[in-house]
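Structure first, commentary second.
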Amino acid sequence: MVKFIFVTGGVLSSVGKGIVTSSIGKMLQVRGFKVTAIKIDPYVNVDAGTMNPYMHGEVYVTDDGGETDLDLGWYERFLDLNLKKENNITTGMVYKEVIEKERRGDFLGRCVQIVPHVTNEIKRRILSIAKKSKVDALLTEVGGTVGDIEGLPFLEAIRQMRLEEGYDNTLYVHVALVPILDVTKEMKTKPLQHSVNELRRIGIQPDIIVARCSKMINSEALRKIALFGTIPKEAVFCSYTVESIYQVPLILDKQGMGDFICKRLKLSNGEPNYREWEKFVNALLNPKHEVKIALVGKYAGLVDSYVSMNEALRHAGAACKTKVNIEYIEAEKFESNPDTVKNLRSFDGIFVPYGFGSRGTEGKLMAIKFARENNIPFLGICYGFQLAVIEFARHVCGLKDANSTEINPQTPNPVIDLMPEQRGIEYKGATMRLGVHKIIVKPNTLAYKLYRKREIYERHRHRFEVNLKYLGKLEEKGLTFSGKSEDERRMEILELPNHFFFFASQFHGEFKSRPGRPDPEYYGFVKACLDKKLGKPKPELS
Ligand code: GLN
């Protein structure tokens, strides 16, 4: 029998439901249970792939090429899972399926309605994952805030699941904000009480309430939450602000949450084993060194745009006992004030992340040129890789007008061009080159030193690539493509052998980075930043 744990949120979004969901998964995992997680997103988009990062944060890419909500990234990192695209359910996906069935005639003669047809499709998806994944517990996080119109069919579906799966097999967790007022320093539980009331109006009585607060809630706040939430005090927990989010499972479990959940769901409760997790958290919280990295991007105003990249840098930092300080720099600023590029000298490394469209690309090119000419460690991911090729073509190969056709479709030197199979594509949704593809790593290169394998599998999300017509010219001038697709048609990794560390990949290593198991390209970069700072020589390749 699978245990179903549902997590809802109240008062406002971004309250930390994703981290609480991941943390509950961890509490069960360290007690020996197998878990998986689903994220429900009540928006009408079929997936997150068509949304701007400023709307929704980064698009997280799964092995099977799903363009999903960033919470799947938290589940994968906390629980060391490789999820599938079906682990992200959206309103768009559900309605698309129901409408296709209606057109096919599956409901012939009937009036197709939100209840039961849409709610049945939601339950079918949840149950199918529970069955396929053979887990002890399935966590389902409902995105948005209780009270949103678009969330209602999902809440109705999970309400029905209590009746169908039974009391002992279902658990409702409600996470809501408890603000502290600036003036009186009082912890205010009223917004949380209202959101619990709203949840009850829909027919769901929470079993557990998690108060999200900047500090541990005091006994008065706890008493009120229990009283007005109609739950025992033992079922109220507090997710207070900690230095690292990886501490959240530890602080919640310490309050008794893991044991409470096991008891309530009648799961035989083993002793939790946090040894590995604590080792990682301790390394993260007790660094011996520090490096400062400039992230030169286009979505620098919203940290959530680069969340997997941030985490990959932190995992790499923990592995070399180094605190990684990231400064977000809007690339466009260099364009209006070219002199300020020199300020990058104060950084230990320069990082150019993914991106789309032309805004800020000239600024990113200036940052890459600065890194290359001044021997500053550089890592480029996806667009960062493509822009590194353009920069090299312009300033080393002398192709002054080299560009990507994404930026200038009329460029006489399209060193980066649309992939041939992309030409006829009109639909924008889920049509990029997505998910895991095999890459062959060249021996005696920095790439081989980092990956120690001839074959690697990495996640992708792009439409453009290196134009093979320019390969000879680029290589002749010293750019090494140390990773390629098996048929050698696609360039996947580049490096500059004479530079201290100049490395870029068409793929996104950050999606495979895990606490305690950093991704090789991110590790190599952070280690190079540290070595350079400490005045160490460039490491040998053998
Ligand atoms: N815009 C580029 C492309 O589509 C790079 C995409 C990315 O950085 N993920 O190929």
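Each ligand, and each atom within it, is numbered from 1 in the order the structure gives. This one's a predicted model, so the numbers in the text were calculated from it and none came from an experiment. Hydrogens, waters and symmetry mates play no part in the numbers below; they use all other heavy atoms, side chains included.
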Please determine if [X] and [Y] form a salt bridge, counting it only when a charged side-chain N lies under 4.0 Å from a carboxylate O.
| X | Y | answer |
| --- | --- | --- |
| Glu421 | Arg433 | no |
| Glu476 | Lys473 | no |
| Glu475 | Lys484 | yes |

- [ ] Test the Lys532-Phe500 pair against the cation-pi criterion, namely NZ or CZ under 6.0 angstrom from the six-membered ring centroid and within 45° of the ring axis.
- [x] yes
Open item on the list: Distance to the ring centre below 6.0 angstrom and angle to the axis at most 45 degrees; does that hold for Lys438 and Tyr457?
Closed with: no
Closest protein heavy atom to [atom], given as residue, atom name and distance to 0.1 Å:
| atom | answer |
| --- | --- |
| atom 7 (C) of ligand 1 | Cys382 SG, 2.9 Å |
| atom 9 (N) of ligand 1 | Arg461 O, 2.9 Å |
| atom 10 (O) of ligand 1 | Phe464 N, 2.8 Å |
| atom 5 (C) of ligand 1 | Gly355 O, 3.4 Å |

Task: Element-labelled atoms of ligand 1 that are located less than 4.0 Å from some non-hydrogen atom of His508 - done: 9 (N)
- [ ] Examine Tyr354 against ligand 1 and note whether any of their N/O atoms are separated by less than 3.5 Å.
- [x] no
TODO: Consider every N or O of His462 and every N or O of ligand 1, then say whether any pair is closer than 3.5 Å.
DONE: no
Task: Between Asn403 and Asn413: side-chain donor-acceptor atoms closer than 3.5 Å - done: no
- [ ] For ligand 1, note which part of Glu406 has a heavy atom under 4.0 Å away: side chain, backbone, both or neither.
- [x] side chain
TODO: Can you figure out which of Gln422, Arg463, Lys298, Met432 has its heavy atom closest to atom 4 (O) of ligand 1?
DONE: Arg463
